[in-house]
Number of protein chains: 2
Amino acid sequence: MKYIEKLRNSGLRPTKQRLKICEVLFDTKKTFHFTINDLSKKIKNKMNTKVSLATIYNTINAFEKKGYLKQIPINSNQTYFDTNVTDHHHFYDLKDEKLIDLENTDVGPINIKKKINGKKIKSVEVLVKLEG
Amino acid sequence: MKYIEKLRNSGLRPTKQRLKICEVLFDTKKTFHFTINDLSKKIKNKMNTKVSLATIYNTINAFEKKGYLKQIPINSNQTYFDTNVTDHHHFYDLKDEKLIDLENTDVGPINIKKKINGKKIKSVEVLVKLEG
DNA sequence: TCCTAGTTTATAATGGTTCTAAATAGGTGT
DNA sequence: ACACCTATTTAGAACCATTATAAACTAGGA
């Protein structure tokens, strides 16, 4: 199983459930955005497996902490995650409530001039809201 | 009362409660960030008035829709609002869970090259996460 | 195989936000 | 000033995403 090492390396035991989650998240050519609810449905439909919500939350939170997933900063009732963990930005279509990736080449370099004493920049994320 | 016109212009009746909320939000030299909970406490303590949570939510949501307030896109259990409705960006201090304004001069111009058919850019917001 | 700590699960609890329905207040026409 | 209609306020219930709980189960080493 190709994800066992990945899980072990980040201190997670490779359980059946976590391997299923890995398949859904990482066995795709394209990266994608999802909510916990999306993911739960996908596991049920595509994998014909039932994994409890609690396990999905635990695992996704662990992955996020380890850097295997990114949270997308957006005000919504649900939390959005991204399997694309490289530096990139997003459009948010307000009408359709849909997220669209902005490739790095779609956004010019962002120059943060202000510094805060003793703090390091961890990430710079741009959210472009679309209307109409 | 200096806020009556402001409220009327945006289709809101100037009630006692809304005027209190306006005072707390807009009677300051500096703009600030807040959560609904923050605001509720401030009204209770500074104004010696009790306004129900439902009213605060209704009013803040109306103000946000009218453009008197901005939501700050950030993944948190609570929604953050900003009384500074000019275009500007934010630091988010992950350790202290604190928001810090970035003046417009603190961030170089942001060039969004990608276009989506039939959609207009409503806002461009940058969130810089700080660690350490 | 046994043991122990980590994991999964159903379910309950939590907490921010929205809904509801009754009481109240604003504002227009008389 | 009054009456009337509608918007607003309010306490409390409802909602719903997320987290906590505790019992059953499992991975993996001895």
Side-chain angles (χ1 to χ4, degrees), chain A residues 1 3-24 33-44 47-66 68-69 71-81 97 99, chain B residues 1 3-24 33-44 47-66 68-69 71-81 97 99:
Chain A
M1 284 297 203
Y3 298 116
I4 292 184
E5 260 336 285
K6 190 171 186 172
L7 288 165
R8 280 261 164 67
N9 283 339
S10 43
L12 297 173
R13 276 194 186 172
T15 62
K16 281 199 288 293
Q17 290 86 344
R18 280 182 184 148
L19 288 168
K20 283 287 171 199
I21 293 172
C22 280
E23 278 183 61
V24 173
H33 311 130
F34 66 94
T35 65
I36 296 291
N37 200 35
D38 293 341
L39 183 57
S40 175
K41 278 192 211 147
K42 217 170 201 172
I43 293 169
K44 213 176 297 171
M47 300 277 116
N48 261 55
T49 317
K50 188 182 185 317
V51 177
S52 76
L53 268 183
T55 298
I56 296 177
Y57 273 104
N58 290 340
T59 306
I60 293 307
N61 286 339
F63 281 171
E64 200 266 335
K65 201 166 284 173
K66 292 298 174 184
Y68 284 160
L69 293 171
Q71 264 189 259
I72 302 173
I74 189 178
N75 283 113
S76 165
N77 51 331
Q78 289 182 93
T79 303
Y80 278 82
F81 293 92
E97 296 186 359
L99 279 163
Chain B
M1 283 297 200
Y3 298 117
I4 291 183
E5 260 337 284
K6 189 171 185 173
L7 288 164
R8 280 259 163 68
N9 283 340
S10 42
L12 296 172
R13 278 194 185 169
T15 62
K16 281 199 288 292
Q17 290 85 345
R18 281 183 184 147
L19 288 168
K20 283 289 172 198
I21 293 172
C22 280
E23 278 182 60
V24 173
H33 310 130
F34 65 94
T35 64
I36 295 291
N37 199 34
D38 293 340
L39 183 57
S40 175
K41 277 192 212 147
K42 220 171 199 172
I43 294 169
K44 212 175 298 172
M47 299 279 114
N48 260 55
T49 317
K50 188 182 185 316
V51 178
S52 76
L53 266 185
T55 298
I56 296 177
Y57 273 104
N58 291 340
T59 306
I60 294 307
N61 287 339
F63 282 171
E64 199 265 335
K65 201 168 285 175
K66 294 296 176 186
Y68 285 159
L69 293 172
Q71 262 190 262
I72 303 172
I74 188 178
N75 284 114
S76 165
N77 51 330
Q78 288 182 95
T79 303
Y80 278 82
F81 294 92
E97 297 185 359
L99 279 162

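All chains are named by letter (A, B, ...) in the order of the sequence lines, taking the proteins before the strands, and each is independently numbered beginning at 1. These values consider heavy atoms only, across backbone and side chains, with no hydrogens, waters or symmetry-generated copies.
Remark: C1' of dT26(D) and CD1 of Ile4(A) are 15 Å apart, rounded to the nearest angstrom. Distance, Gln71(A) CD to dA17(D) P: 16 Å, rounded to whole Å. Residue Asn58(B) contributes atom CG, which lies 20 Å from atom P of dT6(D) at whole-angstrom precision. When the P atom of dA17(D) is taken as reference, atom CD1 of Ile60(A) falls 16 Å away, rounded to whole Å. If you measure from atom CG of Leu53(B) to atom P of dA14(D), you get 18 Å, rounded to the nearest angstrom. One interatomic measurement links the two molecules: CD of Gln78(B) to P of dG16(C), which rounds to 5 Å at whole-angstrom precision. Between the CG atom of Leu19(A) and the C1' atom of dT26(D) there is a distance of 14 Å, given to the nearest Å. Taking atom CD1 of residue Ile21(B) and atom P of nucleotide dT8(D), one finds them 12 Å apart after rounding to whole Å.
Phe34(A) has its side chain out of reach of Ile72(A): every pair of non-hydrogen atoms, C-beta onward, lies at least 4.5 Å apart. Looking at heavy atoms from C-beta onward, Thr15(B) lies out of side-chain contact with Thr55(B) at the 4.5 angstrom threshold.
Looking at the side chain of Gln17(A), the nearest of the listed nucleotides dT9(D), dT17(C), dT9(C) is dT9(C). For Tyr57(A), taking side-chain heavy atoms from C-beta onward, the closest of the listed nucleotides dA17(D), dT17(C), dG27(C) is dA17(D). With dT9(C), dT9(D), dT17(C) as the choices, the nucleotide that has an atom nearest any side-chain atom of Val51(A) turns out to be dT9(C). Listed candidates were dC19(C), dT9(D), dT18(C). Nearest to the side chain of Ala54(B) is dC19(C). When distances are taken from the side chain of Asn61(A) to each of dT8(C), dT9(D), dT19(D), the shortest belongs to dT19(D). The nucleotide whose nearest atom lies closest to any side-chain atom of Ser52(A) is, among dT9(C), dT9(D), dG16(C), dT9(C). Considering only side-chain atoms of Arg13(A), the nucleotide from dA17(D), dT26(D), dT9(C) that sits closest is dT26(D). Checked against dA10(C), dT18(D), dT8(D), the side chain of Arg18(B) finds its nearest nucleotide in dT8(D).
Of the residues near DNA chain C, Asn77(B) and Lys16(A), the one whose nearest nucleotide (by heavy atom distance) lies more toward the 5' end is Lys16(A).
Using a 4.0 Å heavy-atom distance criterion, Asn75(B) is classed as making no nucleic acid contact. Thr55(B) comes within 4.0 angstrom of a nucleotide base, judged by non-hydrogen atoms across all strands. Thr79(A) comes within 4.0 angstrom of the backbone, heavy atoms only, and of no base.
A side-chain donor-acceptor contact under 3.5 Å links Tyr68(A) to the backbone of Lys6(A). Looking at Ser76(A), its side chain never comes within 3.5 Å of a backbone N or O of Ile74(A) through a donor-acceptor pair. Arg18(A) places a side-chain N or O within donor-acceptor distance of the main-chain N or O of Arg13(A), the cut-off being under 3.5 Å.
Residue Thr15(A) places at least one side-chain N or O closer than 4.0 Å to OP1 or OP2 of dT8(C). Contact annotation: Lys50(B) reaches the phosphate of dA11(D) (side-chain N/O to OP1 or OP2, under 4.0 Å).
Side chains of Asp38(B) and Thr35(B): a donor-acceptor N/O pair is present below 3.5 angstrom, by distance only.
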